[in-house]
Each structure stands twice: as C-alpha cells, then as structure tokens.
**Student:** 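My questions all concern the structure below.
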Amino acid sequence: LGHEIDPREMPGDWPHGFFARRTQGPLDPTLPDNRGEMFLTNEGLRDWAYELTRDVQIPDSEAMAEERASYRNYPNAQRPPFVLKGGHMAAMTFWHGKLMNDWANDYVAFWSEGESNFVTSAMEETGTFQSITYLDNIGRVDKDRFMVLRAGSNYTMPPDGNSAAENLLSENKNGYSGLAVAVESLYQVGSVVVDELLGNWPRYAAEVPGS
C-alpha cells in the first residue's frame, strides 16, 4: 500500500514516484507509524534456521551459470546459489529494472531504518503475515513462529547491455532459468528446518527455537 506519482510528473528532486502513505514524499525522514507496510519476523528464530541451513549445498544448473555470468558488474549475482538472509519486498506488481531495483533498495532501507537490505521480491508474504498478525492479536496463533523462505528463480533487473523491457518480456516468453532449481532448493533447505522441528517437537512445542 502506498502513494505513487508518475515519474514524469513528480518533483525534480524526488528519486522515484512511489512513497509511503502519511508521508510527504519518498524517504520522508519522519517515519510514519507502521500499519502493514513492514513486518519484522522473529530474528532469533530466523537466525536459528539460518545456522541450521547456511551450509546446505543448493543445486545449480548450466542455464543458471550462463545467466549469472552476464551480470559482470555484480559479484554477488555471479555467485552459485547460496543460503542468505535479508529483506524481502512483496508487492502486487511484478516490477522489473535497475531503477525499480534502486527503489526497492531504498524502500527496504527506509522501513527497516537501515537495519536490512533488499534481497528478494515476491507477491505474497505481506498478506499472509498480516493475517497471522490479526490471528495473533486474538490468541489463535503465535506470530513469533512465522518464517519466510524464498528461493530466487530470476533477477529483478537486467544484466548490462539489456533493457528492462527486453529482459522482462524475454523471461515472460522463455521462462526463468532458475525456476526448477529454485523449487528444488526450497525443499532441500526448508526440509532441514521442518525435520528438526518435527524430530524434537516436545521441546519446540514449549519453546520457540532461538528464543
């Protein structure tokens, strides 16, 4: 949820046209009360799950290796798949491009007050966590047990030499080079955590891991 002005009509000193409700413009230093724009998961639980899975060997593919080699000026984008933790941007628009990527970096840093970086994009998790928050408020669930696991199937911006439109339309036509591997890696990483929880449920039923 937010406000948006077409970049062709926004003030010249604005970095982008999307900004939070109840603010005076993008990255307004007067941070408004959080009303669903940002959710912070249980950091202790997150770090516990990360330590369990950080060394899991995620599958790779020739198609992914070829795709990431084209991101010559982005060292992390060239790395083989690995487990990491970071900020997650969920929106109902499948956005793409370097300028939108810059916006996502700025927006995550803004809402986390500099404590997190934009790592993955999606279109689902904020709605799920909003529902979990409502259920937590009436004592039906424990939101401190909520975790989000994402697997990157594609990049949010094009490599050098390719326009945002060309890259996005090509992906829509040809599919994502990392989709099959992403689905498999979700299982390989997620199952480590699930197996640990189920195998030691008498303990974890009484205490949230990482607490």
Side-chain angles (χ1 to χ4, degrees), residues 2 4 6-8 10 12-19 26-27 38 46-47 49-51 53-126 148-190 192:
E4 186 168 19
D6 188 294
R8 291 167 293 186
M10 70 185 188
D13 59 346
W14 284 16
H16 37 69
F18 188 93
F19 57 102
L27 313 181
M38 192 271 288
R46 176 205 64 192
D47 292 344
Y50 175 70
E51 290 301 321
T53 60
R54 62 186 303 173
D55 296 323
V56 171
Q57 293 299 304
I58 300 176
D60 200 353
S61 73
E62 291 184 7
M64 288 173 56
E66 181 179 350
E67 178 75 12
R68 64 177 179 260
S70 62
Y71 286 81
R72 292 181 293 274
N73 294 315
Y74 300 92
N76 266 343
Q78 297 179 58
R79 291 179 58 182
F82 62 100
V83 179
L84 74 162
K85 54 186 178 180
H88 173 64
M89 170 73 81
M92 290 309 294
T93 301
F94 194 109
W95 52 269
H96 192 75
K98 182 183 184 305
L99 296 180
M100 292 296 295
N101 204 73
D102 290 343
W103 159 76
N105 277 311
D106 288 344
Y107 213 64
V108 171
F110 170 73
W111 277 105
S112 68
E113 299 187 70
E115 293 296 318
S116 185
N117 294 311
F118 164 64
V119 171
T120 56
S121 65
M123 301 177 72
E124 302 92 11
E125 277 77 9
T126 50
V148 176
L149 174 64
R150 293 292 300 176
S153 60
N154 59 298
Y155 294 96
T156 55
M157 57 178 281
D160 294 336
N162 202 0
S163 74
E166 290 171 337
N167 200 63
L168 176 61
L169 295 175
S170 175
E171 288 182 340
N172 287 343
K173 179 181 178 180
N174 301 319
Y176 308 130
S177 62
L179 181 57
V181 171
V183 173
E184 177 63 23
S185 67
L186 284 169
Y187 172 77
Q188 292 200 12
V189 174
V192 173

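From a predicted model like this one, the values you see are computed outputs, not experimental measurements. These values consider heavy atoms only, across backbone and side chains, with no hydrogens, waters or symmetry-generated copies.
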**Student:** Are the side chains of Pro158 and His96 in touch, meaning some heavy atoms are under 4.5 Å apart?
**Tutor:**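 Result yes, sub-4.5 Å side-chain heavy-atom pair found.
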
**Student:** Kindly say whether the aromatic ring centers of Tyr107 and Trp95 come within a distance under 6.0 Å.
**Tutor:**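 No, ring centres 6.0 Å or more apart.
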
**Student:** Which distance, rounded to the nearest 0.5 Å, do you find between the CG of Asp106 and the CZ of Phe19?
**Tutor:**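 Interatomic distance, Asp106 CG to Phe19 CZ, rounded to 0.5 Å: 15.0 Å.
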
**Student:** Atom NZ in Lys85, atom CG in Asn117: separation rounded to 0.5 Å?
**Tutor:**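 Between atom NZ of Lys85 and atom CG of Asn117 there are 12.5 Å.
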
**Student:** Any side-chain heavy-atom pair from Glu67 and Asn154 closer than 4.5 angstrom?
**Tutor:**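 Sidechains of Asn154 and Glu67: no contact.
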
**Student:** Out of Thr156, Val108, Thr120, which one pairs with Met89 under the side-chain contact (heavy atoms from CB on, under 4.5 Å) rule?
**Tutor:**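 For Met89, the side-chain contact (heavy atoms from CB on, under 4.5 Å) check succeeds only for Val108.
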
**Student:** Measure from the ring center of Tyr74 to the ring center of Tyr155 and say whether it is less than 6.0 Å.
**Tutor:**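 For Tyr74 and Tyr155, the ring centres are not under 6.0 Å apart.
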
**Student:** What's the separation between atom CG in Asn73 and atom CD in Gln78, rounded to the nearest 0.5 Å?
**Tutor:**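 Answer for the CG-CD pair, Asn73 versus Gln78, is 8.0 Å.
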
**Student:** Would you find a donor on one side and an acceptor on the other, under 3.5 Å apart, between the side chain of Ser185 and the backbone of Ile58?
**Tutor:**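 Checking the backbone N and O of Ile58 against the side chain of Ser185, no donor-acceptor pair under 3.5 Å is found.
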
**Student:** Considering only heavy atoms from C-beta outward, does the side chain of Glu66 approach that of Ser177 to under 4.5 Å?
**Tutor:**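 Glu66 does not reach Ser177 side chain to side chain.
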
**Student:** Are there more than 12 heavy atoms of other residues, nucleotides or ligands under 6.0 Å from atom CD of Gln57?
**Tutor:**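 Result for CD/Gln57: open.
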
**Student:** Can any side-chain N or O of Thr53 pair as donor or acceptor with the backbone N or O of Val56 at less than 3.5 Å?
**Tutor:**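 Flag not set: sc Thr53 to bb Val56 has no pair under 3.5 Å.
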
**Student:** Please name the pair of heavy atoms, one in Leu84 and one in Tyr50, separated by the smallest distance, quoted to 0.1 Å.
**Tutor:**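 Heavy atoms only, the tightest pair is CA-CE1, 3.9 Å.
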
**Student:** What distance do Leu149 atom CG and His88 atom NE2 have between them, rounded to the nearest 0.5 Å?
**Tutor:**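 The distance works out to 10.5 Å.
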
**Student:** Using modelled atom types only, decide if a donor and an acceptor are shared between the side chain of Ser170 and the backbone of Asn167 within a distance under 3.5 Å.
**Tutor:**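 Such a contact is absent between Ser170 side chain and Asn167 backbone.
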
**Student:** For Tyr176 and Ser153, which heavy atoms make the closest approach, and how far apart are they?
**Tutor:**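 The pair with the smallest heavy-atom distance is CB-O, 3.3 Å.
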
**Student:** What are the two closest non-hydrogen atoms of Pro81 and Pro59, and how far apart are they?
**Tutor:**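 In terms of heavy atoms, the two residues are closest at CG-O, 3.5 Å.
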
**Student:** First locate atom CG of Asp160, then atom CZ of Arg72, and finally report the distance between them rounded to the nearest 0.5 Å.
**Tutor:**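 One finds 5.5 Å between CG of Asp160 and CZ of Arg72.
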
**Student:** Can you list the residues that meet the ring pair (Phe, Tyr, Trp, His ring centres under 6.0 Å) rule with Phe110, with sequence neighbours excluded?
**Tutor:**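 Counting only residues at least two positions away or on another chain, Phe110 forms no ring pair (Phe, Tyr, Trp, His ring centres under 6.0 Å).
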
**Student:** What distance do Phe94 atom CZ and Ser121 atom OG have between them, rounded to the nearest 0.5 Å?
**Tutor:**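 Those atoms lie 6.5 Å apart.
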
**Student:** Closest approach of Ala164 and Gly97, non-hydrogen atoms and distance?
**Tutor:**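 Reported closest heavy-atom pair: CB-CA, 3.7 Å.
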
**Student:** Within the structure provided, determine whether Arg68 and Asp60 are in side-chain contact (heavy-atom separation under 4.5 Å).
**Tutor:**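 The answer is yes; the side chains approach within 4.5 Å.
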
**Student:** Should Met157 and Asp102 be marked as a side chain to side chain contact (heavy atoms under 4.5 Å, CB included) after you check the CA-CA gap, both sets of side-chain angles, and the distance that decides it?
**Tutor:** CA-CA 10 Å; Met157 57 178 281; Asp102 290 343; over 6 Å; no

**Student:** Show your working on side-chain hydrogen bond (donor to acceptor under 3.5 Å, both in side chains) between Glu166 and Ser163 and close with a plain yes or no.
**Tutor:** CA-CA 5 Å; Glu166 290 171 337; Ser163 74; 3.3 Å; yes

**Student:** Taking all atoms of both residues into account, what is the closest heavy-atom pair of Trp111 and Met38, and its distance?
**Tutor:**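 So the two residues come closest at O-CE, 3.4 Å.
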
**Student:** Looking only at heavy atoms, what is the nearest atom pair of Asn76 and Phe82, with distance?
**Tutor:**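 In terms of heavy atoms, the two residues are closest at O-CE2, 4.3 Å.
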
